[in-house]
Amino acid sequence: MPRYAMVIDLQRCVGCGACSIACRNENNVPEGIYWSNKITETVGTFPNVRYHYIPTLCNHCEYAPCVRGCPTKAMHKLENGITMHDPKKCIGCKYCEFNCPYGVIYFNWEAPHKFWRDKRVEIKDGTASPSELVKEVGGKAVPYYNPERDATLPGIRPKGVVEKCTFCDHRVNLGELPRCVEACPADARIFGDISDPKSDISALLGKFRPFRLREQIGTNPHVFYIRGYNPAAYQPTKGGV
Amino acid sequence: MKEKQEKHRSFMKDFLDDFKMSRRSFMKKASAATGGAIALGGAFTPSFRTLAEASETSGKGLGEWIASTCQGCTSWCSKQVYVIDGRAVKVRGNPNSKVNLGAGCPRSHLGLQQVYDPDRIKTPMKRTNAKKGRNEDPKFVPISWDEALNTIADKIMELRKNNETHKYMLMRGRYSYMRDVLYDRMTKIIGSPNNISHSAICAEAEKFGPYYTEGYWNYRQYDVTNARYVLIWGADPLAANRQVSYYSAVWGDVIGKATIAVVEPRLSATAGKADEWLPVEPGHDGALAAAIAHTILVEGLWNKEFVGDFTDGQNRFVPGAVVDEETFEEKHTYGVVKWWNLELKDKTVEWAAERTGLPVEQIQRVALEFGQAAPQAISWVGGGPVMQVRGAYTSMICHALNGLTGGVDNVGGTLASNKEYTDHFPEPDDFMDEIAKKGKKHGKIDHRGRKEFPCLNEGKPGSAVVTNNAAEGILNEDPNEIKVAIAYMNNFTFSCGQPERWERALSKIPFLVHITTNASEFSWFADILLPDAHHMFEKWGYVKSIGNGYRHVTIMQPVIKPMWEAKIDETEMPWLIAEKLNERGFSNLLDHYKTYIDPETGKAPTNAQEFALYALKYATQNLWDPAKYKGGDKFNGWEDFRKAGVWNSDPYPFRKRWSNMKTKTKKFEFYSETLKEALEKHAENHKTTVDDILETCFYQARNEQAFIPHYEEPYTNGTEAEYPFLFVDHKSRLNREGRSANCPWYYDFKDVDPGDTVWDDVAKINPLDAKKIGVKTGDAIRITSPTGSITCTAKMWEGVRPGTVAKCYGQGHWVYGRLAAKEFGKIPRGGNNNDLIPAVYDRLSGSTVRHAATRVKIEKV
Amino acid sequence: MSENKGLYGIWLAVLGIAIVVGLITAVKLFSQGHGLFNANDVLIWTLPLGVYIYLALASSGLTLLAAIPLVFGVRKYEPFAKRLVFLAIATLVGAFVSIGLELGSVFHMIYIMLSPNFSSPIWWMGAIYSVELAVLLVKFWKMHTGDWHSGFSKFLGTASFILALAAPLMIGSVFGITESRVTYFGPVMSIYCLLMAFLSGTALFILYSLVVNKVTGNGVPAELYDEVALIFTYAAGVVAVFTVLKYAIESATVVPEFLVYRQFEHAFGTVGVFHTEVLLGLFLPFVLLLIRSVRKAAGGKIVASALILIGTLLMHMEILLAGQSHPVGPKAEQFPGFISYFPSIWEILVFVFALAIMLLLYTLGERYLKLTEAPE
């Protein structure tokens with residue numbers, strides 16, 4: 001059984017957010033919920049300023065506080081290391097979201113995809129309402145609904161339950177890469193089996209000194225970061241002289 | 001505030017504190033994890049299919065990947081659309097393209113929310129409120145295609161009957177290379193000179209520099225993976241235009257191998273990931289370029305192989321000293337000593353520092369390192385420094401650096417286009433009757449070629465469009481009134497500076513047809529709306545694009561059934577109009593279109609759908625027909641090509657253009673004989689001197705200086721006393737040319753633009769300035785320029801040069817859709833930058849100005 | 001008497017209206033979702049959860065107080081015992097109403113039994129309170145039927161006491177094992193919850209009993225309440241000391257999360273370094289109770305206990321909100337750095353609903369269940 005993990009090469013990352021938008025698309029995630037997200041920081045004072053970007057997603061921790069705290073095991077670990085959620089068992093207590101040290105779990109505060117349920121029309125008989133359009137196109141709730149998501153998790157999660165990144169287990173099961181990995185134009189994401197010493201990620205983790213988010217709290221996250229977002233060169237001096 | 005920031009920072013630090021974790025404890029945990037996994041003992045080894053592999057088959061998924069093209073920006077990447085049961089579900093880069101390499105930028109995904117935009121117009125519509133104006137609801141009501149086409153044909157026939165076909169106008173916005181069917185052939189055969197493209201609001205000034213130095217009127221491609229220095233002027237390749245996908249794919253390697261310097265007053269996405277950020281005082285880029293050129297010559301860093309050398313090898317480029325031209329022997333360039341004597345000899349680093357607001361040391365460092373990297377050095381000219389009133393010369397001087405380094409047409413340098421083999425559509429001449437020929441001879445509505453608009457496209461005066469000035473032409477009926485106009489996929493009432501002029505101009509046109517996906521600010525003044533097919537999902541067409549040392553020709557195809565009653569703008573619609581004209585006794589247009597025969601069957605088209613497909617096959621036959629193979633990718637036939645979706649050229653032939661350039665001297669011209677000829681021709685046309693032309697057009701150059709790349713001071717509207725800030729416009733990673741504003745994802749991910757905020761339209765102000773004017777993040781503010789005013793939200797951000805305010809273009813729609821407008825037809829969401837920007841021009845290229853032209857003031861509201 | 005009857009009718013009508021409004025709120029929440037709350041993905045738990053904690057802890061406090069006669073055999077307190085047990089039940093029911101309306105998918109609750117997670121403090125909390133409710137109900141039935149001292153009845157008393165000790169500790173540990181939120185982490189929250197439970201339970205009992213005495217004019221001899229008031233004073237003192245200690249540590253540390261925590265715009269304002277609700281809802285009543293004459297006066301007891309009852313609710317809310325006031329990790333990208341909060345009308349109605357159910361039970365219990373009964 002593999003143990004899935006991801007390496008994100010910050011030097012390759014260009015901070016474009018294609019991962020996050022593609023993830024929205026792949027997993028039919030409603031507005032306001034980010035399975036794939038980022039931490040940005042503008043560092044310095046003009047003119048010595050740079051912008052930094054760290055892509056984030058569920059860390060699929062080995063010791064996942066969300067899993068430990070879930071009263072019904074709705075949040076659980078799969079054998080392949082993926083932290084998975086079963087909305088059927090979710091009572092909506094939001095304790096996982098409260099517990100998650102990485103801010104990657106979101107709650108469905110209302111029925112998802114409100115935008116697409118609207119029945120208002122801007123030009124009578126000339127344009128459509130979102131709900132009319134969804135009906136015309138087909139799909140489910142959204143016109144570009146991806147039914148493949150439904151293989152392992154309800155294609156769209158109802159209100160009252162939490163949701164988060166699943167490493168695209170529905171794709172991984174078919175031998176495909178998680179969508180954020182496929183969609184990254186910079187090839188900054190490398191996905192694979194950390195238990196296989198011959199995997200690409202094992203090689204990278206040995207080559208670089210990786211870091212993980214909030215490692216000190218002991219969750220053993222399985223999203224690793226290598227290199228730096230801005231590897232800019234500067235002129236060397238002897239101690240600033 | 002500062003304290004607060006620091007506290008926040010220290011919290012962030014804690015969040016990222018993990019560098020401090022000891023290697024050992026990490027190892028222990030990692031091995032524990034590994035051990036656990038091994039203990040579970042599965043023999044299953046996952047092997048992931050890469051994109052290229054996956055694209056060969058439809059995989060185990062429910063759908064199929066079908067090739068098309070994204071025109072969200074002018075990168076024009078080849079794409080694949082994932083279609084399940086006739087629904088477009090996902091978009092990704094087409095792995096078959098050697099230009100975009102299967103990479104897909106973030107904006108490409110928003111195409112899904114465009115094609116499935118509920119606010120797309122479903123059917124043709126007509127206006128029922130005869131009064132036109134911004135505050136007049138057009139009261140559109142649906143009509144049939146038949147009624148719409150009949151009305152249009154009647155109006156055209158009326159012009160033909162009255163011998164006033166020159167009062168017909170065609171306005172073009174986003175196009176594919178099927179454009180000529182509608183833009184060129186139809187306009188000509190009807191008989192009008194007035195086909196007005198949008199090109200001048202794009203970046204024509206960017207092409208001016210390359211043309212008048214190396215004879216290349218086009219966007220360049222940059223061999224970044226072989227470069228050692230990449231100096232970028234106001235371009236943001238990681239965010240906007242061009243080849244965003246390609247540059248995103250390789251940038252992590254590029255920044256490892258090359259030094260990247262970005263000249264821009266705002267910390268752009270690219271500047272955020274660069275070695276050097278040069279936040280230049282807006283409009284003074286030319287001074288920086290002059291100092292870099294000066295330094296390269298003084299330090300003897302120019303590329304001897306390309307430029308040549310002093311005959312005795314002794315460098316006479318001493319600051320302030322005039323050099324004897326005879327002492328220097330040039331190889332592939334022309335006029336380097338003239339350039340030095342006329343412009344560069346006094347342009348020291350210190351001189352530039354005063355103007356650019358940049359430190360002497362930084363300019364010196366950049367100049368030296370850039371020169372030392374020659375010839376693997378790129379001077380990359382973007383829209384920022386050149387879409388300015390005197391931008392033509394900035395375009396020249398920034399691009400001329402590539403001549404000094406020998407990076408032109410060279411490995412690791414700046415490259416032109418590869419050869420491609422698409423065909424022109426059949427010529428229209430045989431179908432132009434006397435009315436048409438006479439009509440076409442009239443002057444153009446945009447005034448190109450007049451004394452004040454030299455518009456020197458490819459050396460020919462009056463050959464470049466002045467898009468934004470067409471509004472003046474229409475308003476003043478100069479040279480004539482416009483009675484019937486058709487416009488497609490454009491929105492000049494939003495996308496041109498001082499758009500209020502367009503509102504008045506369009507109100508004046510008695511019959512205006514707008515072909516569009518969404519009812520836009522332009523549609524608001526139209527009499528008939530025609531629902532347009534979305535280029536990526538519903539249209540037959542092709543575009544060509546360069547990057548990565550290749551050129552690709554990528555097709556767009558209807559991957560889904562068009563929504564509602566949409567039809568294809570550039571082919572189906574002109575065919576349908578031609579049919580209606582034919583019914584009215586004017587068959588020339590239809591007869592012409594019937595010559596676009598299907599190369600496979602030899603059949604002439606019999607309906608609009610056939611025409612759309614045959615026209616595409618006709619134009620691309622050389623690419624897919626093995627019998628006509630000329631180079632690049634080879635296909636077995638149309639179907640083979642259609643499936644791949646893209647044809648790639650042969651690799652770039654480096655240095656083939658050295659001393660074989662399309663300039664007058666065939667050399668890289670530092671003293672542009674080509675420009676001299678063009679300007680003199682224009683002066684001659686107007687029986688005056690070049691100096692008079694330059695004065696009329698607001699340039700500072702006189703005499704010989706007119707023909708060399710040089711620095712000119714920026715020309716700016718508004719006084720510093722009244723308008724303390726310079727306005728810096730920039731583009732978004734998610735902009736699909738101003739058409740993303742009705743996509744929910746646009747707002748939910750708006751913060752992928754450094755400094756921007758989700759669900760808001762922010763003006764980024766340096767905290768020092770913000771403090772001075774008593775504004776803080778989140779405040780509602782009004783920004784006012786001499787020509788207009790917008791309201792938006794303030795954002796304090798360190799990535800902005802003090803004295804400037806930076807705002808992203810794209811929001812501020814007052815029509816377009818439920819999200820785009822705060823109240824449809826009435827109140828904009830956010831502010832449109834163009835409301836602030838005056839309608840001024842870089843008149844040598846005809847470009848509409850967006851940068852460094854506007855001073856603004858900021859008030860809290 | 002007829003006046004009383006009239007008031008009683010009005011009282012029942014008010015409670016009835018509140019319950020109807022509460023039911024409407026429940027329907028609204030289940031149909032439209034918890035977007036009706038002024039909660040979001042940063043400020044996850046708001047007033048309904050605070051009310052749950054508050055009432056659940058108060059219920060535990062009442063049970064702990066009941067243990068004095070029932071477990072430790074202090075017989076002179078036996079006249080309080082039945083009422084205490086009943087109040088504990090009714091208050092716990094109120095708590096369940098509040099949490100029930102806080103949960104997103106209350107109908108999935110079956111999985112608490114079908115798919116228990118023994119490592120989850122939420123699971124344990126739910127389990128303990130459920131068992132507690134059952135134990136209290138049986139115990140009350142036993143007392144009501146006159147069985148105060150049988151072995152089984154005594155066992156029930158002891159069991160309820162142990163459960164009432166465990167439950168607040170478990171509520172505390174729901175927060176206390178949250179590594180991601182340093183301001184909650186550790187055993188402090190558990191101890192704090194236990195102390196607060198005892199304090200608020202005692203306050204509730206004193207306030208309730210004295211008000212009932214005033215309204216019905218009958219009850220337990222007033223001197224007995226003086227002794228309870230002394231216990232109450234000690235409890236307030238212990239919580240006050242604990243709170244000062246907590247403040248001292250929080251204000252001395254430089255752990256970044258505490259810095260952010262300190263920047264939280266305190267929901268109820270501050271006076272100097274102290275939160276208003278702590279000053280007025282804890283220190284002030286504590287000082288009042290230290291004054292013998294005030295402590296002895298019925299009015300003094302009522303004022304002090306009322307202040308503490310309000311104070312403890314606000315203190316729970318303050319702690320609950322402050323720890324969630326800043327977004328965790330990437331949520332800072334889409335949310336402001338600090339979230340301010342005021343409950344929505346729906347959250348207030350959940351609170352009203354829970355209170356109304358609780359008060360209705362009190363009222364009916366008081367009327368029909370002979371709550372001051374004690375064994376001979």
Side-chain angles (χ1 to χ4, degrees), chain A residues 17 20 32-41 53-57 59 63 65-76 86-112 114 158-162 213-214 216-219, chain C residues 29-37 39-46 49 99-100 102-127 173-175 177-182 184-185 320 323-324 326-335:
Chain A
S20 297
I33 296 183
Y34 301 82
W35 288 18
S36 163
N37 207 345
K38 65 192 182 297
I39 296 169
T40 63
E41 203 181 352
Y53 186 108
I54 298 179
T56 60
L57 64 161
N59 280 292
Y63 308 110
C66 59
V67 170
R68 181 192 61 206
C70 178
T72 59
K73 294 184 177 164
M75 197 68 84
H76 58 282
D86 180 358
K88 196 178 76 216
K89 291 183 182 170
C90 178
I91 63 169
C93 70
K94 304 175 280 292
Y95 188 41
C96 52
E97 188 177 2
F98 188 86
N99 248 335
C100 173
Y102 304 104
V104 300
I105 304 179
Y106 286 77
F107 182 67
N108 282 287
W109 295 98
E110 54 185 1
K114 188 176 168 190
K159 74 168 190 308
V161 301
V162 298
L213 296 176
R214 301 184 79 173
Q216 75 278 21
I217 60 176
T219 50
Chain C
L29 282 170
F30 291 132
S31 57
Q32 272 174 255
H34 287 71
L36 295 172
F37 289 180
N40 55 44
D41 286 302
V42 174
L43 200 55
I44 300 160
W45 284 344
T46 55
L49 193 98
I99 191 73
E102 208 278 339
L103 294 177
S105 310
V106 74
F107 303 114
H108 295 175
M109 290 269 276
I110 184 75
Y111 287 98
I112 293 212
M113 271 143 80
L114 295 183
S115 176
N117 180 4
F118 300 121
S119 67
S120 165
I122 293 250
W123 186 89
W124 281 107
M125 181 182 76
S173 62
V174 165
F175 296 90
I177 64 163
T178 309
E179 300 91 339
S180 62
R181 299 174 195 269
V182 173
Y184 292 140
F185 189 80
L320 182 65
Q324 311 175 78
H326 63 277
V328 174
K331 283 183 179 170
E333 299 290 317
Q334 283 82 30
F335 286 95

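Proteins get letters first, then strands, A, B, ... in listed order; numbering begins at 1 in each. The analysis underlying the following values was restricted to heavy atoms, covering all of them including side chains, and did not include hydrogens, waters or symmetry mates.
- Considering CD1 of A:Ile54 and CD of C:Glu333, their distance stands at 10.0 Å, rounded to 0.5 Å.
- Contact annotation: the side chain of C:Ser115 approaches that of A:Lys73 to within less than 4.5 Å [non-hydrogen atoms, C-beta and beyond].
- Across all non-hydrogen atoms, the minimal contact from A:Tyr102 to C:Pro330 is O-CD, 2.9 Å.
- Closest approach of C:Asn117 and A:Arg68 over heavy atoms only: ND2-O, 3.2 Å.
- Between C:Tyr184 and A:Phe98, the ring center distance clears the sub-6.0 Å criterion.
- Taking the centre and axis of the six-membered ring of A:Tyr106, the NZ or CZ atom of C:Lys331 falls inside the cone set by 45° and 6.0 Å.
- Proximity to chain C (any heavy atom under 4.5 Å) is shown, for A:Val162, by neither the backbone nor the side chain.
- Not less than 6.0 angstrom separates the ring centroid of C:Phe37 from the ring centroid of A:Trp109.
- One finds the NE2 atom of C:His108 at 12.0 Å from the NZ atom of A:Lys89 (value rounded to the nearest 0.5 Å).
- The most heavy-atom pairs under 4.5 Å with chain C, out of A:Pro71, A:Cys93, A:Ala111, A:Gly32, come from A:Pro71.
- Taking chain C as the reference chain and counting heavy-atom pairs below 4.5 Å, the highest number among A:Asn108, A:Ile105, A:Thr72, A:Val161 is found for A:Thr72.
- For chain A, the nearby part of C:Leu29 is the backbone; its heavy atoms alone come within less than 4.5 Å.
- In this structure, no portion of A:Pro158 lies under 4.5 Å from any heavy atom of chain C.
- Nearest heavy-atom pair, C:Gln334 versus A:Lys38, reported as atom, atom and distance to 0.1 Å: NE2-NZ, 3.4 Å.
- Closest approach of C:Ser120 to A:Cys70, counting heavy atoms only: CB-O, 3.5 Å.
- The distance from atom SG of A:Cys96 to atom CD1 of C:Ile122, rounded to the nearest 0.5 Å, is 9.5 Å.
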Practice item. Just do the side-chain contact (heavy atoms from CB on, under 4.5 Å) check on C:Leu49 and A:Lys94 with the steps written out, would you? Key: CA-CA 11 Å; C:Leu49 193 98; A:Lys94 304 175 280 292; over 6 Å; no

Exercise for review: Given side-chain contact (heavy atoms from CB on, under 4.5 Å), test A:Phe107 with C:Ile44 step by step and report yes or no.
Suggested key: CA-CA 9 Å; A:Phe107 182 67; C:Ile44 300 160; over 6 Å; no

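- Within the 4.5 Å cutoff, side-chain heavy atoms of A:Arg214 are placed close to those of C:Ser180.
- When heavy atoms are compared at a cutoff of 4.5 Å, C:Ala39 approaches chain A by way of both its backbone and its side chain.
- The two atoms that bring A:Ile91 and C:Leu103 nearest to each other are O-CB, 3.5 Å, heavy atoms only.
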